[in-house]
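The structure under discussion appears below in the form of structure tokens.
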Amino acid sequence: MEILVDVVLLSLLVITALAINGTKDLFASIMLTGIYSLLSASFFVLMDAVDVAFTEAAVGAGIATLLMLSCMTLTGQYERKPRRSQQALGLLVVSITGVLLYFGTLDTPNFGDAHSPIQDHLAPHYLHQSMAEIGIPNVVTSVLASYRGFDTFGETVVIFTAGIGVLALIGFRPKRKTDGQLQSLVAPMHHQKILRVLSKLLIPPILLFALYVQFHGDYGPGGGFQAGVIFAAAIILYAMIFGVDIARRAFPDAAVRLLAALGVLLYGSVGLVSLLSGKHFLDYSILGDTPQHGQHWGILLVELGVGITVTSVMLIIFFTFSARVDRRGRDGDASQRQ
Amino acid sequence: MSALLHYNYWIVIVLMMIGFYIVITHSNLIKKLLGLSIFQTSVFILYISMGKVIGGSAPILSDKVQIYSNPLPHVLILTAIVVGIATTALGLALVVRLREAYGSIEEEDIQAQERDEGQAP
């Protein structure tokens, strides 16, 4: 039965990918990408990767689609059809690469084999020792925040850097004078009564859920990355319905930028504290009375740092893009009036 | 039944090649980014498929469960997804800037303009 669902989901993924290739309308392709993400999230659930599915559903079907749509609003909706010669050449290259890769798969261990090399080395240690060493049931969280904490620190820094990069590319521009009114062209949904009432009902539970995901990540699927994205999604939903300007009043740019840096700082300082106490960088066992207790504290703080940074960077990116869309809309209005 | 033992890996190849095809043939930059994200997801699927153990369960320890799937690929891919969206956002920001500089996001147009500028002086 599981195999059947697996085959169906993967086939649907291929069909969606082909449809993305086929359509010339970028709006349609971006929507299909959202469906593609949702399908892959269901596939991840099937493969027991619940934490991954969580992240993919929040990121891929939520925020990525939105960012691509705002980018499309700024650049145009239709693409030009690729030339015939290019298509033929591309098909040739892709077929040759595909066939070579196919021969590569013939040597791979069977799918789902419990004795394949990947299952022999680190995984047994994590599965059997982590309860004694770290003391939390969700192995993914112990590996993410403790065993491979240094890795995760690097990834948090990458996300932070990407936020700075987006700001540097399209963020800093002299502000144009507006007529002082709180109005936003990104929020044409403001007059939609059903959306307004429903989103008002939904946003508090979403925020609450994000907090649950953040702090329950030790015991169930969840953690800083997922919570951060869900938190940002709730605020972005608010911004879309009630206007980006109003959302930016509640979450001022300066504060959001400060928080993005603060998350990375929190993560790094936890590492420094253990370094200064004579342990290795990011070895949390010193933080509590017993090593296990220390691990609990370390993971809690580190995940909090990740959550803060991810939330703020997602907000920075969304606000920056929507400010661009907004400004362009106003310019367009002004030129039309002239 | 034996074909099913490698089915996931073959789908990974097909998805990867569709993504690759979009990146090399389409000239629209947003479409290229969509192709890249298909390519990226195919790698995610490869990792997660390798970590799966038939009859296993999600790696959240419990007394009632004996077999777990491999948690390590999950950790790697979980962070890769969030890093992926951050870098995609960076790519989209670049596309916005290119559009402002060249008035188009079709690779051919941008290259043509570059060529003209090179010949002019």
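Chain identifiers are assigned alphabetically (A, B, ...) following the order of the sequence lines, protein sequences preceding nucleic acid strands; residue numbering begins at 1 within each chain.
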| Going by an N to O cut-off under 4.0 Å, is there a salt bridge joining A/E79 and B/K32? | no
Discussion item. Whether B/K52 and A/E2 form a salt bridge (side-chain N of Lys/Arg under 4.0 Å from carboxylate O of Asp/Glu) is what I want to check.
Written reply: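 Yes, A/E2 and B/K52 are salt-bridged.
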Do [X] and [Y] come close enough that some side-chain heavy atom pair is under 4.5 Å?
X: B/L61; Y: A/S130; result: yes
X: B/L15; Y: A/Y36; result: yes
X: B/I85; Y: A/L67; result: yes
X: B/E108; Y: A/R83; result: yes
X: A/D51; Y: B/H74; result: no
X: B/Y7; Y: A/S11; result: yes

Side chain, backbone, both or neither of B/I38 within contact of chain A (heavy atoms, under 4.5 Å):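 Both backbone and side chain.
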Rounded to the nearest 0.5 Å, how far does CG of A/L10 lie from OG of B/S49?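 One gets 6.5 Å once the value is rounded to the nearest 0.5 Å.
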If you tally heavy-atom pairs under 4.5 Å between each of A/E155, A/R80, A/E56 and chain B, the highest tally belongs to A/R80
Of the listed A/V313, A/T108, A/T33, A/L89, the one with the largest count of heavy-atom pairs under 4.5 Å with chain B is A/T108
Cut-off 4.5 Å, heavy atoms of chain B, and the answer for A/Y78 is backbone
Under 4.5 Å to a heavy atom of chain B? For A/I118 that would be both
Correct closest heavy-atom pair for B/I45 and A/F43 would be CG2-CE2, 3.5 Å
task: Using the six-membered ring wherever Trp is involved, compare the ring planes of B/Y9 and A/F111 and label them parallel, tilted or perpendicular (cut-offs 30° and 60°).
output: perpendicular
Comparing B/S42, B/G56, B/G84 against chain A, the one with the most heavy-atom pairs below 4.5 Å turns out to be B/G56
Interface residue of largest heavy-atom contact number with chain A, from B/L34, B/I105, B/I77, B/T88, under 4.5 Å:
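It is B/L34.
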So, applying side-chain contact (heavy atoms from CB on, under 4.5 Å) with B/V75, which one of A/V52, A/V139, A/L144 is it?
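Result for side-chain contact (heavy atoms from CB on, under 4.5 Å) with B/V75: A/L144.
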